[in-house]
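Worksheet: the structure to be examined is printed underneath.
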Amino acid sequence: MPSNSRANAKSSVDIAIAGGGLTGCLAALVMHRRFPQANIVLIDQQNGTPQQDPRGLALALRTQQVLAEYGVWQGELAKSPAIQHIHVSDANSPGSTMLHAQQEGIDALGYVAMAGLLQQELSNACARASTAGNQTGSFEHLQGTAVASLAAENTAMQLKLSDGQELAAKLLVVAEGSNSPTRAMLGVQMQREAYAQVAVAARVEYAQQHGNVAYERFTAEGPAALLPQGSKHAALVWCMHPERAAALQQQNDADRTRAVQDIFGAAPGRIVNCEYQATFPLQLAMAERFIGHRSVIIGNACHTLHPVAGQGYNLGVRDILDLAKYISAEDAGAMAGLNAYQQQRQRDYAEIIGLTHGLVAVFSNQDTLWRNIRSKGLYALRSCSLLSKPLMRKAMGFRTLW
């Protein structure tokens, strides 16, 4: 169970992390190991057992490696299905390609983890870290509380928590998710661009075992993906116009199953059931600034992307790794380190946003010229490893393309 320890009133800490979700917990673990002499506080609004989250998350191989390195990839989470092959196709042209883990000499390109399981293991790892006695610094997981107010001072961010505690943090890390109240307290607005699409989430059952294949199918309305779960199930994320999503939601499971089969065709084999879960709007959202005086915003509190490339949580993990790399043990909130972090992350954001934006735009264009280009491009990826290798490296979450 997560720790119920409490920091003393008016405590001074090196790093305070607001948000005990998937990003906040991992950030706390990474910072605790990177800076063993630092005093770190994780401020978690939740109390007790983490809420069950039914989402299936696409974890890049690099993200899974990080989770294993920090003692999170264990128990039921370690049984998460591997993505060993990715089948990419276009519903409006004959081209398709397959990416294979064996081409890289590895067991998997990524994994599909249930968000609830991941949260449980992250919380367990935080509990273990908070009770370990072999560190010169400290790690405290404060549950059932949140940042109620803040004030910037020269050497610290003064925080008042909802339970009355007060903290003076050299660095405040905001990791509360897309609706972050602490981000709003910092006066940071989100720049939003809505897509003319929503995403339908569902659970699909195959007649046969999926063989650890993930499917990405591009349609005129938006991309659709099947991510392996269990041995004969998959998580479906299908992007489409809102009107079609509303009609699909009203259909019974049998009609939805036929609609999914029609979209993906014969490639995944026979689909025998489709259980609707939820519909959610799609948008690109970026914080207008993500560093400030003794503060940094990471994860979904900083960016929300189109799900086409499955980069959401993986991008947040890279936020954490870069932050740990560039801030200093002497003063975690020093602007020199935060500025270096900002420069590194801006490059990554530009690249990933360009990728997701470009995929949506290129594959939604039904002009004959673009259909021919897509078809030839997919065939080229299938036949030329020099072209497919950089795409595979990106899918695995690595910075270098070779």
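Remember, predicted model here, so these are calculated numbers, not experimental data.
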Look up atom [atom1] in [X] and atom [atom2] in [Y], then write down how far apart they are to the nearest 0.5 Å.
{"X": "Leu67", "Y": "Ser80", "atom1": "CG", "atom2": "OG", "value": "9.5 Å"}
{"X": "Leu226", "Y": "Phe264", "atom1": "CG", "atom2": "CZ", "value": "3.5 Å"}
{"X": "Asp163", "Y": "Thr145", "atom1": "CG", "atom2": "OG1", "value": "3.5 Å"}
{"X": "Glu205", "Y": "Arg270", "atom1": "CD", "atom2": "CZ", "value": "9.5 Å"}
{"X": "Leu284", "Y": "Met190", "atom1": "CG", "atom2": "CE", "value": "8.5 Å"}
{"X": "Gln283", "Y": "Gln197", "atom1": "CD", "atom2": "CD", "value": "13.0 Å"}

>> Under a 3.5 Å cutoff, is there a donor and acceptor pairing between the side chains of Asn124 and Gln120?
In response: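 The criterion, which ignores hydrogens and geometry beyond distance, is satisfied for Gln120 and Asn124.
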
> Is it true that the side chains of Gln119 and Ser123 contain a donor and an acceptor less than 3.5 Å apart?
Replying inline: yes

Quick one: does any side-chain atom of [X] pair with a main-chain N or O of [Y] as donor and acceptor, under 3.5 Å?
{"X": "Asn212", "Y": "Gln84", "result": "no"}
{"X": "Arg183", "Y": "Ala301", "result": "yes"}
{"X": "His210", "Y": "Gly230", "result": "yes"}
{"X": "Ser12", "Y": "Ala168", "result": "no"}
{"X": "Gln261", "Y": "Gly269", "result": "yes"}
{"X": "Glu288", "Y": "Gln189", "result": "yes"}
{"X": "Ser180", "Y": "Gly177", "result": "no"}
{"X": "Arg203", "Y": "Glu275", "result": "no"}

> Are Arg294 and Asp331 ion-paired here, with the side-chain N under 4.0 Å from a carboxylate O?
Replying inline: yes

> Pick from Val174, Val173, Leu172: which one makes a side chain to side chain contact (heavy atoms under 4.5 Å, CB included) with Ile297?
Replying inline: Val174

>> Using the rule side chain to side chain contact (heavy atoms under 4.5 Å, CB included), only one of Arg345, Gln344, Gln343 pairs with Tyr341; which is it?
In response: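 The option that passes is Arg345.
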
Quick check: do [X] and [Y] have side-chain heavy atoms less than 4.5 Å from each other?
{"X": "Leu315", "Y": "Arg318", "value": "yes"}
{"X": "Leu161", "Y": "Val147", "value": "yes"}
{"X": "Glu76", "Y": "Met114", "value": "no"}
{"X": "Phe139", "Y": "Met31", "value": "no"}
{"X": "Thr257", "Y": "Val204", "value": "no"}
{"X": "Leu118", "Y": "Val72", "value": "yes"}
{"X": "Asp319", "Y": "His303", "value": "yes"}
{"X": "Trp238", "Y": "Arg244", "value": "yes"}

Counting neighbours of [atom1] on [X] that are heavy atoms of other residues, nucleotides or ligands and sit closer than 6.0 Å, is the number greater than 12?
{"X": "Arg289", "atom1": "CZ", "value": "yes"}
{"X": "Gln208", "atom1": "CD", "value": "no"}
{"X": "Asp107", "atom1": "CG", "value": "no"}
{"X": "Asn179", "atom1": "CG", "value": "no"}

>> Apply side chain to side chain contact (heavy atoms under 4.5 Å, CB included) to residues Leu29 and Arg33 and explain how you reach the verdict.
In response: CA-CA 6 Å; Leu29 294 170; Arg33 184 179 297 183; over 6 Å; no

>> Set out, in order, the CA-CA distance, both residues' side-chain angles and the distance that settles side chain to side chain contact (heavy atoms under 4.5 Å, CB included) for Leu57 and Leu22, then state yes or no.
In response: CA-CA 11 Å; Leu57 296 177; Leu22 302 180; 3.5 Å; yes

Considering all heavy atoms, the nearest [X]-[Y] contact:
{"X": "Lys170", "Y": "Glu330", "result": "NZ-O, 3.6 Å"}
{"X": "Asp253", "Y": "Tyr276", "result": "OD1-N, 4.4 Å"}
{"X": "Val188", "Y": "Ala287", "result": "CG1-CB, 4.0 Å"}
{"X": "Thr23", "Y": "Ala175", "result": "CG2-CB, 4.1 Å"}
{"X": "Tyr206", "Y": "Ala234", "result": "OH-CB, 3.5 Å"}
{"X": "Met335", "Y": "Gly292", "result": "SD-O, 3.6 Å"}

> Can you list the residues that meet the side-chain contact (heavy atoms from CB on, under 4.5 Å) rule with Lys325, with sequence neighbours excluded?
Replying inline: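 side-chain contact (heavy atoms from CB on, under 4.5 Å) check on Lys325 returns nothing, list empty.
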
>> The test is side chain to side chain contact (heavy atoms under 4.5 Å, CB included); show your working for Val198 and Phe280 and say whether it passes.
In response: CA-CA 6 Å; Val198 297; Phe280 49 94; over 6 Å; no

> What residues form a side chain to side chain donor-acceptor pair (under 3.5 Å) with Asn39, not counting sequence neighbours?
Replying inline: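 Asn39: side chain to side chain donor-acceptor pair (under 3.5 Å) contacts with Ser138.
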
>> Checking Glu153 now: which residues fulfil side chain to side chain donor-acceptor pair (under 3.5 Å) with it, not counting sequence neighbours?
In response: Gln158

>> Under the criterion side chain to side chain contact (heavy atoms under 4.5 Å, CB included), I'd like the reasoning laid out for Ile43 against Leu159: C-alpha separation, chi angles, the key distance, then a yes or no.
In response: CA-CA 11 Å; Ile43 304 166; Leu159 308 177; 4.2 Å; yes

>> Tell me whether the rings of Tyr215 and His87 are parallel (<30°), tilted (30 to 60°) or perpendicular (>60°).
In response: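 Ring orientation of Tyr215 relative to His87: tilted.
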
